[in-house]
Amino acid sequence: MAAENVIRARQGDTLDGLLWRERGIGSAGLAVVLDANPGLAGMGAVLPVGTPVTVPVTTPAADALPLINLWD
């Protein structure tokens, strides 16, 4: 199993939007991804098309809320 993987930005992607869409990573994992990608924060709010973003496997996923079933 690879220790990390790479995703690429599409037109108009912000880092947090890209991470959420592709990996379900919320704000808790943003710092880990920025640490793995030196210089990424300096690219601005909208990433250039095709920008590779390395996502470490240890990145925390989005905090999931407990599922509530109204019929239980």
Side-chain angles (χ1 to χ4, degrees):
M1 182 175 183
E4 55 195 31
N5 56 47
V6 177
I7 54 178
R8 295 199 178 270
R10 296 181 195 164
Q11 183 175 356
D13 274 345
T14 59
L15 181 58
D16 56 341
L18 174 67
L19 294 173
W20 178 253
R21 182 185 71 233
E22 297 292 330
R23 298 293 185 265
I25 297 171
S27 59
L30 193 58
V32 175
V33 173
L34 286 172
D35 287 343
N37 294 275
L40 190 62
M43 291 186 167
V46 177
L47 298 172
V49 174
T51 300
V53 177
T54 302
V55 182
V57 171
T58 58
T59 306
D63 297 331
L65 297 175
L67 180 63
I68 298 173
N69 189 345
L70 300 176
W71 294 274
D72 278 347

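Since the model is a prediction, treat every value here as computed from it, not as a measurement. The analysis underlying the following values was restricted to heavy atoms, covering all of them including side chains, and did not include hydrogens, waters or symmetry mates.
Of the candidates Val6, Asn5, Leu40, Val53 forms a side-chain contact (heavy atoms from CB on, under 4.5 Å) with just one, namely Leu40.
Glu22 and Ile7 get closest at one heavy-atom pair: CB-CD1, 4.0 Å. The two atoms that bring Leu47 and Ala9 nearest to each other are CB-CB, 3.8 Å, heavy atoms only.
One hydrophobic cluster holds both Met43 and Ile25 under the rule that ILVMFWY side chains link at heavy-atom gaps under 4.5 Å.
In this structure, CG on Asp13 lies 5.0 Å from CG on Leu18, to the nearest 0.5 angstrom.
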When the side chains of residues 26-39 are checked against the rest of the protein, which donor-acceptor pairs come out under 3.5 Å, sequence neighbours left out?
unit_1 : atom_1 : unit_2 : atom_2 : d
Asn37  : OD1    : Thr54  : N      : 2.9
Asn37  : ND2    : Val33  : O      : 2.7
Asn37  : ND2    : Thr54  : O      : 2.8

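With sequence neighbours excluded, no residue satisfies salt bridge (charged side-chain N to carboxylate O under 4.0 Å, His left out) with Arg8.
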